[in-house]
Amino acid sequence: GAGVSQSPSNKVTEKGKDVELRCDPISGHTALYWYRQRLGQGLEFLIYFQGNSAPDKSGLPSDRFSAERTGESVSTLTIQRTQQEDSAVYLCASSWGQALQPQHFGDGTRLSIL
Amino acid sequence: DQQVKQNSPSLSVQEGRISILNCDYTNSMFDYFLWYKKYPAEGPTFLISISSIKDKNEDGRFTVFLNKSAKHLSLHIVPSQPGDSAVYFCAAQPLSNTGNQFYFGTGTSLTVIP
């Protein structure tokens, strides 16, 4: 499809395991963002990629979290040694990366840590 | 430090009436403001935006008002329809910053009663 695609849509894993979440942005979008939404909370910024610039990692909550992006395409968010507080919906968004351009979101990955 | 605030977690209105959702921000560097709508189990969908050079932007039943001196924006939906029932997030972006990070409020859950 033409929208932002995230996989898997749901992930259940045991505490201490590593997980990898994938985001396929809209083709041509140079900017890509990861957010986390815990139950009953707002969107929490995690990381932002813009073209070939160094990513803005200021929102990553701990060194267990990392993300990569290949050029201006797919991004993966990796959480190592998962904890129960990592349970949340992880949302990816992309945009043209220019001023006055909105983000477009995927439907998220619902992560549950047992 | 919540730079974008939505102080009303929920709002109920009768079908056909006006819905007014409010948002306050603290960062005077914000130049671009957006509203997103989110249904359960879906990602946020872009609804309407406004840049700081305007004080009003209208798109069909949706109008966004910006009061820069008060650091306040609002979304008006008129007439409200049951399908408008969703969580609404406001977001802001500082264009003059080196990055293009968006800052989100915590959301207002709107229920339109048939």
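None of the values given here were measured: they were computed from a predicted structure. In what follows, chains are A, B, ... by sequence order, proteins preceding strands, each numbered from 1.
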Checklist entry - At a heavy-atom separation under 4.5 Å, does B/Tyr36 approach chain A through its side chain, its backbone, both, or neither? => result side chain
Next on the checklist: Can you confirm whether more than 12 heavy atoms, excluding those of A/Glu68, are under 6.0 Å from its CD atom?
Outcome noted: no
Checklist entry - Once you round to the nearest 0.5 Å, how far does CG of A/Leu100 lie from CG of B/Leu34? => result 9.0 Å
Checklist entry - Any side-chain heavy atom of A/Gln37 sitting closer than 4.5 Å to one from B/Lys38? => result yes
Checklist entry - Going hydrophobic residue to hydrophobic residue with side-chain gaps under 4.5 angstrom, can you get from B/Leu47 over to B/Tyr103? => result yes
Item to check | Same apolar cluster: A/Phe45 and A/Val4, side chain cutoff 4.5 Å | outcome: no
Checklist entry - If Ile, Leu, Val, Met, Phe, Trp and Tyr residues are connected whenever their side-chain heavy atoms lie under 4.5 Å apart, and connections chain through other members, are B/Leu66 and B/Val64 in the same group? => result yes
Checklist entry - Linking I/L/V/M/F/W/Y whenever any side-chain heavy atoms sit under 4.5 Å apart, do B/Leu11 and B/Ile48 land together? => result yes
Checklist entry - Are A/Val89 and B/Phe89 joined in one hydrophobic group, where the rule is that I, L, V, M, F, W and Y side chains link up if heavy atoms are under 4.5 Å apart? => result yes
Checklist entry - By a 4.5 Å heavy-atom criterion (distance strictly below it), what part of A/Ser58 contacts chain B: side chain, backbone, both, or neither? => result side chain
Checklist entry - What part of A/Leu43 is in contact with chain B, defined as an atom under 4.5 angstrom from a non-hydrogen atom: side chain, backbone, both or neither? => result both
Item to check | Heavy-atom closest contact (A/Pro102 atom, B/Phe46 atom, distance) | outcome: CB-CD1, 3.5 Å
Checklist outcome for this item: Note: B/Gln101 and A/Tyr33 closest approach over all heavy atoms is CA-CE2, 4.4 Å
Checklist entry - Relative to chain A, which of B/Gly107, B/Pro44, B/Pro9 shows the most heavy atom pairs under 4.5 Å? => result B/Pro44
Item to check | Contact class of B/Ala41 relative to chain A, heavy atoms under 4.5 angstrom | outcome: backbone
Checklist outcome for this item: Of all heavy-atom pairs linking A/Gln101 and B/Tyr32, the shortest is N-CE2, 3.6 Å
Checklist entry - Does CG in A/Leu39 sit with more than 12 non-hydrogen atoms of other residues, nucleotides or ligands closer than 6.0 Å? => result no
